[in-house]
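Data block below; observations after.
The chains referred to below are lettered A, B, ... by the order of the sequence lines, with proteins before strands, and numbering in each begins at 1.
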Amino acid sequence: MQLYNTLTRRKEPLAPREPGHISMYVCGMTVYDYCHLGHARVMVAFDVISRYLRERGYNVTYVRNITDIDDKILKRAADNGESIEALTERMIAAMHEDEARLGVLPPDREPRATGHVDAIIAMIRVLIDKGYAYPAANGDVYYRVREFADYGKLNNRDPDDMRSGARVDVDDHKEDPLDFVLWKAAKPDEARWPSPWGDGRPGWHIECSAMSTGCLGNTFDIHGGGPDLTFPHHENEIAQSEAATGQTYVNTWMHAGAVRVDEEKMSKSLGNFFTIRDVLVEHDPEVVRYLLVASHYRSPINYSVDSLSEARRSLTRLYTALENIDPEPEPVSLSLAEPSSGHARRFAEAMDDDFNTPEALAVLFELTRELNRARANDTADVPRLAGELRALGGVLGLLSQSPATFLKGETALDEANIEAQIARRAEAKAARDFATADSIRDELAAQGIILKDSREGTRWVVQSSSG
RNA sequence: GGCUGGAUGGCAGAGUGGUGAUGCAGCGGACUGCAACUCCGUUAACGCCGGUUCGAUUCCGACUCCAGCCUCCA
């Protein structure tokens with residue numbers, strides 16, 4: 001397998017530290033608000049990655065943290081007049097709900113910053129002892145960036161070129177403007193933990209260093225996150241972790257592409273974000289997931305109503321091929337490490353190449369065509385092909401619902417009435433009263449119900465208003 | 001200004017040194033009472049200028065434009 005490594009800026013063969021086992025840490029959410037589509041992209045991207053690695057035979061330990069103490073959380077809780085804990089618990093529950101609806105499997109571990117303050121303090125202490133950090137007079141503790149020779153290696157940045165003051169806050173308490181905070185002294189009435197440097201709370205970057213190495217060891221295989229985390233967050237994680245342990249922190253850095261709206265980056269700070277739950281009011285979660293998987297995980301994608309309806313039409317083609325399979329699709333065991341069929345092999349080749357999901361989807365469509373052909377000819381391959389389509393789709397977290405559910409939607413339609421209309425139309429057709437038959441079909445069409453005649457009778461699907 | 005990445009047919013989106021991505025849309029045909037679904041066929045692309053090569057969309061260089069990061073952000 002080949003994985004693109006942000007650190008080296010090229011694809012490299014996957015070489016797990018421990019044969020057959022992959023340790024993966026992904027930066028998760030700061031839980032002060034609902035998740036938006038940018039979060040969805042990261043969750044889905046690494047969900048697909050972990051699913052595929054497992055399908056490929058690796059034993060994966062997937063850790064994704066929750067940042068549950070942070071300036072934005074303090075502010076939001078105060079604005080809402082609720083406790084920090086009430087806010088974060090509410091948002092964590094919402095996040096779990098959102099990801100479940102998107103078909104994202106839970107990570108193996110979900111450590112929270114507030115649950116690892118001891119480990120954070122211990123790491124800061126090591127950094128101070130080694131001369132990489134210093135307590136300041138105001139009670140903060142800072143990381144001494146100039147002390148870490150490799151600083152900037154992830155982003156190809158030279159500290160000497162990062163003109164102090166340009167966009168970095170000049171802070172009297174720092175020795176150097178590039179230094180960043182490891183421990184933040186608590187102001188009166190702020191949430192606090194005791195520490196050797198006074199009451200306070202962890203800085204943002206240090207929690208990931210402490211939790212990732214705590215869960216996975218000083219060196220692990222894959223570290224992932226959103227596109228905007230490469231600097232400074234991940235650069236700082238490297239500085240902290242490698243200074244503290246003296247070992248390589250991460251072998252492969254992986255970053256998802258940005259989600260844009262109207263050609264502008266979607267972000268909380270710009271306020272142009274769509275929350276997952278808002279989008280799911282109008283759209284099937286699997287359509288959203290399809291949209292996210294239809295582009296390579298590193299490419300930027302533009303979110304729009306049009307792109308969603310196109311995703312829906314594409315997914316409809318896959319589900320249509322699986323509709324009313326008789327006999328039932330065969331359960332297929334894929335064994336993607338040594339694929340048996342041509343489709344599985346090409347699917348695996350695509351995914352082996354840095355998780356090329358668009359190419360993998362192309363294989364699903366080719367399989368779909370073959371399945372449709374087999375159905376038209378009534379060949380014995382139908383259950384096997386259908387089972388294979390389902391199984392390969394499942395690796396991407398797609399095709400998980402029944403075709404009828406997807407195609408007919410969750411609408412509160414009176415199915416008995418629809419069937420009665422269809423029966424009435426069948427009678428009219430039998431009597432060659434096509435005017436009546438067509439008017440019945442038109443009436444149903446006006447309600448968004450599309451009829452499809454076949455040898456076995458008439459089936460119907462709902463044409464989504466959103467495409 | 002610095003650092004990354006990108007520019008592919010009407011749209012979305014992979015990929016490749018010489019032949020078909022794929023999906024949606026279009027066109028022709030089959031199926032159908034007519035449609036829808038499906039199938040068969042088909043149109044159509046590689047930002048710009050140089051270089052390497054028998055041959056470049058693919059490799060190299062310049063240029064133009066776009067995006068992300070450099071500030072909390074997934």
Side-chain angles (χ1 to χ4, degrees), chain A residues 4 6 9 26-30 32-33 35-43 45-46 67 70-72 75 152 154-158 160-163 166-169 204 224-233 235 255-260 263-270 273 290-291 294-296 298-302 304 306-307 309-318 320-321 323 346 350 353 356-366 368-369 371-373 375-377 407 428-429 432-435 437-438 441-442 445 449-455 458-461 463 467:
Chain A
Y4 183 86
T6 309
R9 288 179 295 284
V26 172
C27 288
M29 263 51 78
T30 300
Y32 72 102
D33 204 347
C35 293
H36 59 57
L37 286 174
H39 299 115
R41 182 156 203 210
V42 172
M43 295 192 293
F46 288 98
T67 299
D70 158 89
D71 288 357
K72 293 185 293 299
K75 181 172 188 309
L154 180 65
N155 292 272
N156 203 18
R157 241 169 247 199
D158 182 348
D160 290 333
D161 291 340
M162 297 165 68
R163 301 303 304 159
R167 297 183 85 169
V168 180
D169 280 342
W204 175 38
D228 38 19
L229 296 184
T230 54
F231 194 91
H233 185 55
E235 195 69 57
H255 294 92
V259 175
R260 290 191 278 161
E263 307 304 332
E264 188 175 43
K265 184 190 165 184
M266 161 159 46
S267 73
K268 286 182 176 175
S269 50
L270 289 174
F273 61 92
Y290 182 96
L291 176 68
S295 297
H296 185 86
R298 281 190 282 117
S299 307
I301 57 175
N302 195 46
S304 69
D306 284 351
S307 60
S309 26
E310 192 181 319
R312 175 166 192 94
R313 282 193 293 269
S314 300
L315 194 52
T316 297
R317 177 169 165 80
L318 299 178
T320 301
E323 198 187 7
R346 284 192 297 129
D353 182 13
N356 191 336
T357 51
E359 187 82 38
L361 279 180
V363 175
L364 294 197
F365 282 105
E366 283 160 24
T368 294
R369 188 189 308 280
L371 171 59
N372 283 332
R373 224 179 289 153
R375 294 190 68 173
N377 298 329
L407 295 168
K429 277 174 68 180
R432 302 196 65 78
D433 177 3
F434 295 121
D438 287 352
R441 184 170 64 195
D442 291 346
I449 292 156
I450 307 300
L451 299 187
K452 304 196 286 189
D453 292 341
S454 73
R455 278 171 297 180
T458 298
R459 288 175 286 143
W460 57 275
V461 299
Q463 183 178 50

Exercise for review: Please confirm whether the backbone N or O of Ala321(A) pairs with a side-chain atom of Arg375(A), one donor and one acceptor, at under 3.5 Å?
Suggested key: yes

Check your understanding: Is Asn155(A) reaching over with its side chain to a backbone N or O of Thr230(A), donor-acceptor style, under 3.5 angstrom?
Key -> yes

Once you round it to whole Å, what is the distance between [atom2] of [N] and [atom1] of [X]?
X: Trp204(A); N: rC72(B); atom1: CH2; atom2: P; value: 8 Å
X: Glu235(A); N: rU71(B); atom1: CD; atom2: C1'; value: 16 Å
X: Arg298(A); N: rG5(B); atom1: CZ; atom2: C1'; value: 9 Å
X: Ile450(A); N: rA36(B); atom1: CD1; atom2: P; value: 10 Å
X: Met29(A); N: rC72(B); atom1: CE; atom2: P; value: 19 Å
X: Tyr4(A); N: rA14(B); atom1: OH; atom2: C1'; value: 17 Å
X: Leu229(A); N: rA74(B); atom1: CG; atom2: C1'; value: 6 Å
X: Asn155(A); N: rC3(B); atom1: CG; atom2: P; value: 13 Å

Determine the interatomic distance between [atom1] on [N] and the same-named atom on [M]; round to the nearest Å.
N: rA44(B); M: rU52(B); atom1: C1'; value: 30 Å
N: rG6(B); M: rG15(B); atom1: C1'; value: 15 Å
N: rC24(B); M: rG41(B); atom1: P; value: 15 Å
N: rU42(B); M: rA36(B); atom1: C1'; value: 22 Å
N: rC31(B); M: rA21(B); atom1: P; value: 29 Å
N: rG9(B); M: rG47(B); atom1: P; value: 8 Å
N: rU58(B); M: rC46(B); atom1: C1'; value: 9 Å
N: rC72(B); M: rU19(B); atom1: P; value: 50 Å

Study note, to complete from the structure: Here the pair of heavy atoms bringing Ala256(A) nearest to Pro227(A) is O-CB, 3.1 Å

Review point. Nearest heavy-atom pair of Cys27(A) and His233(A): which atoms, and what distance?
Key: SG-NE2, 3.5 Å

**Study point:** Glu235(A) and Arg157(A) ion-paired at < 4.0 Å
**Key:** no

Just to be sure I understand the rule, does [X] reach a base, reach only the sugar-phosphate, or reach nothing, if contact means heavy atoms closer than 4.0 Å?
X: Ala376(A); result: nothing
X: Gly152(A); result: nothing
X: His296(A); result: sugar-phosphate
X: Met43(A); result: nothing
X: Arg157(A); result: base
X: Val259(A); result: base
X: Arg375(A); result: nothing
X: Ser267(A); result: base

Review point. Are the side chains of Arg459(A) and Leu407(A) in touch, meaning some heavy atoms are under 4.5 Å apart?
Key: no

Review point. Taking the side chain as C-beta and beyond, is there a heavy-atom pair between Arg317(A) and Arg369(A) under 4.5 Å?
Key: yes

Point to revise | Atom pair CD/OG of Glu310(A) and Ser304(A) - distance to nearest 0.5 Å | key: 9.0 Å

Review point. Can you tell me how far CG of Leu291(A) sits from CZ of Arg312(A), rounded to the nearest 0.5 angstrom?
Key: 13.0 Å

Check your understanding: In dot-bracket form, how is RNA chain B paired, counting a Watson-Crick or G-U wobble pair only if both its distances are under 3.5 Å and using | for bases paired to another strand?
Key -> (((((((..(((.....[...))).(((((.......)))))....(.(((..]....))).))))))))....

Check your understanding: When you match His39(A) and Phe231(A) each to their closest nucleotide on RNA chain B, which lands nearer the 5' end?
Key -> Phe231(A)

Revision key, fill the gap. Judged by nearest nucleotide, the residue sitting upstream toward the 5' end of RNA chain B, Thr368(A) or Arg260(A), is Thr368(A)

Exercise for review: Determine, step by step, whether Thr67(A) and Lys72(A) satisfy the side chain to side chain contact (heavy atoms under 4.5 Å, CB included) criterion, reporting the C-alpha distance in whole Å, the side-chain angles of both residues, the deciding distance to 0.1 Å, and the verdict.
Suggested key: CA-CA 11 Å; Thr67(A) 299; Lys72(A) 293 185 293 299; over 6 Å; no

Practice item. Do nucleotides 20-35 of chain B as a string where each nucleotide becomes B, S or -: B if the base has a protein heavy atom under 4.0 Å, S if just the sugar-phosphate does, - if no protein is that close. Key: -BSBS--------BBB

Point to revise | Lys72(A) side-chain proximity, nearest of rC72(B), rC69(B), rG13(B) | key: rC72(B)

Point to revise | Residue-phosphate contact under 4.0 Å: Asn356(A) side-chain N/O, rG15(B) OP1/OP2 | key: yes

Review point. Counting only side-chain N and O atoms of Ser299(A), is one of them less than 4.0 Å from OP1 or OP2 of rA14(B)?
Key: yes

Practice item. Report the relative orientation of the aromatic rings in Phe273(A) and His36(A); use parallel for angles under 30°, tilted for 30 to 60°, perpendicular for over 60°. Key: tilted

